[in-house]
J.: 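Just dropping this structure here.
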Amino acid sequence: MPFYSSYPTEGRLINTLQRVLDGKNMTSFRFSKVSDLSPTTTRKIYSDKYYIPSPEVLERICLVLDVQPGDILQIASKMEAAEAVCSGV
C-alpha cells in the first residue's frame with residue numbers, strides 16, 4: 001500500500017467539506033450517519049480545512065453528496081496560504 005499523509009506538505013491543498021455541507025444544510029454528525037463514516041472522521045474533516053481525507057473516504061464523500069473530488073478539495077492561492085506580515089511602516 002502506498003504511503004498516505006493526511007496533511008499536504010505545502011499546506012495549500014484544503015478541503016471544503018464544511019462549505020459543501022453547510023450549503024446542503026447538513027451537520028457533520030448527520031453526514032456521518034448517511035455516509036456510514038465515523039462521526040470522528042467527519043468532524044475532523046469538517047472542522048480542519050487542512051485535513052485531507054484518504055482516497056477511500058473522499059470517494060465515499062463524493063458518492064453520498066453527489067459531487068466531484070474537485071468540489072471537496074481545492075488548492076489555496078499563495079496569498080491565502082501565507083500569513084500577511086505588516087512591517088508597521
Side-chain angles (χ1 to χ4, degrees):
M1 180 171 189
F3 175 74
Y4 176 76
S5 173
S6 59
Y7 287 95
T9 57
E10 293 281 326
R12 292 182 50 204
L13 185 63
I14 59 172
N15 84 67
T16 60
L17 183 63
Q18 183 176 20
R19 188 186 74 212
V20 172
L21 290 182
D22 289 350
K24 294 179 180 282
N25 293 319
M26 186 181 295
T27 65
S28 66
F29 183 75
R30 181 167 171 244
F31 178 66
S32 74
K33 295 302 178 192
V34 298
S35 65
D36 200 28
L37 293 168
S38 80
T40 303
T41 298
T42 57
R43 189 61 163 152
K44 178 68 176 170
I45 301 167
Y46 182 88
S47 62
D48 184 355
K49 71 179 184 178
Y50 295 108
Y51 183 83
I52 305 305
S54 70
E56 294 82 12
V57 171
L58 179 60
E59 180 180 28
R60 171 107 27 110
I61 291 169
C62 292
L63 291 172
V64 170
L65 294 176
D66 193 29
V67 297
Q68 294 296 311
D71 298 328
I72 300 297
L73 299 178
Q74 295 183 348
I75 296 179
S77 70
K78 285 189 178 189
M79 291 298 291
E80 289 176 277
E83 290 185 30
V85 177
C86 180
S87 67
V89 177

J.: Considering residues at least two apart in sequence or located in another chain, which fulfil the side chain to side chain donor-acceptor pair (under 3.5 Å) criterion with Ser38?
T.: Thr41
J.: Assess whether side chain to side chain contact (heavy atoms under 4.5 Å, CB included) is satisfied between Lys49 and Gln74, documenting all intermediate values.
T.: CA-CA 10 Å; Lys49 71 179 184 178; Gln74 295 183 348; over 6 Å; no
J.: Using the side-chain contact (heavy atoms from CB on, under 4.5 Å) definition, which of the options Asp22, Val20, Thr27 pairs with Tyr46?
T.: Asp22
J.: Once rounded to the nearest 0.5 Å, what's the spacing between atom CD1 of Ile61 and atom CG of Leu73?
T.: 8.0 Å
J.: Would a hydrophobic clustering, with Ile, Leu, Val, Met, Phe, Trp and Tyr connected at side-chain separations under 4.5 Å, put Val67 with Val34?
T.: yes
J.: Under a 3.5 Å distance rule, please check whether Arg60 uses its side chain to pair with a backbone N or O of Pro55 as donor and acceptor.
T.: no
J.: Please say yes or no: joined through hydrophobic side-chain contacts below 4.5 Å, possibly via intermediate residues, are Met26 and Val64 part of one cluster?
T.: yes
J.: Any side-chain heavy atom of Ile72 sitting closer than 4.5 Å to one from Ile45?
T.: no
J.: Keeping the roles fixed (side chain from Arg12, backbone from Ile75), state whether a donor-acceptor pair exists under 3.5 Å.
T.: no
J.: Kindly say whether Tyr51 contributes a backbone atom to a donor-acceptor pair with the side chain of Asn15 at under 3.5 angstrom?
T.: yes
J.: Atom CZ of Arg43 and atom CZ of Phe31: how far apart are they, to the nearest 0.5 Å?
T.: 13.5 Å
J.: Of the non-hydrogen atoms in Cys62 and Pro69, which two are nearest, and what is the gap between them?
T.: SG-N, 3.5 Å
J.: I need the Thr42 OG1 to Lys33 NZ distance, nearest 0.5 Å.
T.: 9.0 Å
J.: Any heavy-atom pair between the side chains of Leu65 and Lys24 that's under 4.5 Å?
T.: yes
J.: So, for Leu21 and Ser28, which heavy atoms are closest and what is the spacing to 0.1 Å?
T.: CD1-CA, 4.1 Å
